[in-house]
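Here the structure is laid out as structure tokens; the discussion comes afterwards.
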Protein chains: 2
Amino acid sequence: MLTTSLPGSRNIYAMPTIKDVAKAARCSTATVSRTLASPEKVTEATRERVSRAIAEVGYAPNVAARNLRRAESKTIVALLPDISNPFFSEIINGMEEVAHQAGYQVLIGDCEHDPARAEAYFRLLPTNQADGVLLLTAEVPVSLVQQASAQTNFPLVMACEFFADIDLPTITIDNYQAARHAIDYLVSLGHRRIVTLSGPAANPICIERVRGYHDTLAAHGLSDAIHVAEGDFGFRSGYLQGLTLLAPSNTRPTAIFCHSDEMAIGVLKAARQLDIPVPEKLSVIGFDNIGFSEYCEPELTTISQPRTQIGQQAMRLLISLIKNEPAVRHQTLSTQLIVRQSTGKIQS
Amino acid sequence: MLTTSLPGSRNIYAMPTIKDVAKAARCSTATVSRTLASPEKVTEATRERVSRAIAEVGYAPNVAARNLRRAESKTIVALLPDISNPFFSEIINGMEEVAHQAGYQVLIGDCEHDPARAEAYFRLLPTNQADGVLLLTAEVPVSLVQQASAQTNFPLVMACEFFADIDLPTITIDNYQAARHAIDYLVSLGHRRIVTLSGPAANPICIERVRGYHDTLAAHGLSDAIHVAEGDFGFRSGYLQGLTLLAPSNTRPTAIFCHSDEMAIGVLKAARQLDIPVPEKLSVIGFDNIGFSEYCEPELTTISQPRTQIGQQAMRLLISLIKNEPAVRHQTLSTQLIVRQSTGKIQS
DNA sequence: CTGAAAGCGCTTACAG
DNA sequence: CTGAAAGCGCTTACAG
């Protein structure tokens, strides 16, 4: 073992480098490098000698050096609005699966709904710490995204969410149709007073879902009953809005379409507290089909998104962009209405 | 803008480097570097000239180059057993807060209960891609941990979990006392047939909790009633074990102490299905106080861990180790029994 | 306080 | 197929 002379290093012993391997294999560092990067360019004899030498000295390539030389980081930043939202875990699994297979790492950037955080993560690209950004939130400074999307060397893909006025490569679901499907179902059960509990009103996916809600009611001649309340996707906002929406009144809704399962579960709690039986007197539909939706009382009717697939496809698309390969810039994946016990026929 | 000559680079335009700044500021690259790293070593005039030049050319330091030179990565790997467990989100927040403040990034390594994954993440250290590992799972190859802990240049901290026979720097709670507390409480409510629904039996924290359960029952002369079932911390295993444990019989338990909230919520579903009213005929205690525990029916009595604090302290400890600063190698943080509606006096 | 120079550990175009 | 050499973009001990 060599002692390192690099001041400031916390290691007392230096790791073996490619030079040590070259010496042990009695070849040049170029050959060692080639053996690792493109073994087919090297004779089998050399390959074996180098492999043995690598094992012998305990060599592991210094990735910082490789990254510097290759001007890449093999790292993808995935920006989430909030890591505590269980909706994202399967998407993350999907992304990581594809990324790892392609030799990329995924750095998860939890923005905690703070655009400043997002900005800090964007800066990883110009500093060579990331090769691309996978946006799973629209809560980022729009100017930043516009800038990035205008650059040719800023690979950026959006999944789940989108911007109404920036044409980013996107993997998404059809939020409009999903909402229509949910509302059609409620109407078919006999509901006439259907409220939407939306996520943040400015959020494009919520706007799409509200539009689907609008149009479906209109199609059924129920435009007078349109009522949209706003939450933040979380349990608590669902509970609080539930208490308000379900307060005793002649026009109490008989059904609530929620833009997230967490909000729907909050509404269920409010209904319980107000002694409103679900689904007898109130139907509730959620969105996302998180694991918890099967364990709440009653089990939640909800719209399922192909989360693993969203993660996989978004990552595939991003990697294609990074490699300058041709790719389909937009994909819309399908959703499914999962009927459980929180919805039922209207009982007047 | 210069065109880059680096083959294989996907950028058409090279980013400005420290040389460009030096030229614009009419000084050496050393001075630019110093202005950035230790401004106090540079006159104010120079500092200003350099700052202007940086803004002018749009310079951002290439972190891969810095990392190579400094032999550090400013990255921490945090290994989780399973990112979909909501227990970890606040811990992650706590870790990231401290890490970011100290200039470190956190790479979250989701091991998906697969030791091979953990091994891949461990390899980030010798390849200079990470400066330390924060272990939040014991599901890693023990030999790897032993090796790592024997090395002086492998900063490693464990949080939440621990190994019975490896003395790692650790931030943890007192699982034994937490269990005693829960069981004492159930006994005080009149329960005599108390079952523990444990996590994986080999898991040291579960062993500690089971020990607390044992000792408390013994202290109350209830050793005959000891019964431990095993789950995997998830909803489904709680539900399935609940169906088994609660099947009609004279010795059906009147209380179940679960090693996770998810399992407790699964048990609640099983009880509902079997028409066993909670808490009238069955008390259930969870562990962790995840957000969902307030929204299930009935609201869950559970043991709360200071999750944010665990994340913060673990990261502080790890960074101290990386910097070779003195640090307290073991900390035990306190827990709290949160009584809600899933527990009550025994009604025979 | 500042600059010239060496060097971190790789990779790759070029020549043989 | 292989090697010598240049260079990726920084940082820092050394000298002035």
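Residue numbers begin at 1 in each chain, while the letters A, B, ... track the order of the sequences. Predicted model, so just to flag it, every value in this text is computed and none were measured.
Look at CG on N62(A): it is 11 Å from P on dC8(C), rounded to the nearest Å. D20(B) places its CG atom 11 Å from the C1' atom of dG9(D), with the value rounded to the nearest Å. Taking atom NZ on K41(B) and atom P on dC14(D), their separation rounds to 13 Å, with Å as the unit. Following rounding to the nearest Å, I18(A) (CD1) and dC10(C) (P) show an atom-to-atom distance of 5 Å. A straight line from CZ of R70(B) to C1' of dC8(D) spans 17 Å, rounded to a whole angstrom. Distance CG (L68(A)) to P (dT12(C)): 12 Å, rounded to an integer number of Å. Atom-to-atom, NZ of K23(B) to C1' of dC10(D) comes out at 17 Å; the value is rounded to the nearest Å.
Considering L125(B), L168(B), L134(B) in turn, L168(B) is the only one that fulfils the side-chain contact (heavy atoms from CB on, under 4.5 Å) rule with L156(B).
Across all strands shown, dT2(C) is found opposite dA15(D) as a Watson-Crick or G-U wobble partner, with both distances under 3.5 Å.
An OP1 or OP2 oxygen of dG9(D) is reached within less than 4.0 angstrom by no side-chain nitrogen or oxygen of T17(B). Within the structure, a side-chain polar atom (N or O) of T31(B) is placed less than 4.0 Å from OP1 or OP2 of dG3(C). Between T43(B) and dT2(C), a side-chain N or O to OP1/OP2 separation shorter than 4.0 Å is present.
Using a 4.0 Å heavy-atom cutoff across all strands shown, E44(A) reaches no nucleic acid atom at all.
Between D167(B) and R329(B), at least one side-chain N (NZ, or NE/NH1/NH2) sits under 4.0 Å from a carboxylate O, which counts as a salt bridge.
Projected onto DNA chain D by closest heavy-atom contact, R34(B) and A60(B) fall at different nucleotides, the more 5' of which corresponds to A60(B). Along DNA chain C, the nucleotide nearest to A65(B) and the one nearest to C27(B) differ in position, and the one closer to the 5' end is contacted by C27(B).
To the nearest whole angstrom, the two C1' atoms, one in dG16(D) and one in dT12(D), are 16 Å apart.
Using a 30° and 60° split on the angle between ring planes, F122(A) and F154(A) fall in the parallel class, below 30°.
Side-chain atoms of S38(A) never come within 3.5 Å of backbone atoms of E40(A) as a donor-acceptor pair (strictly under, hydrogens ignored).
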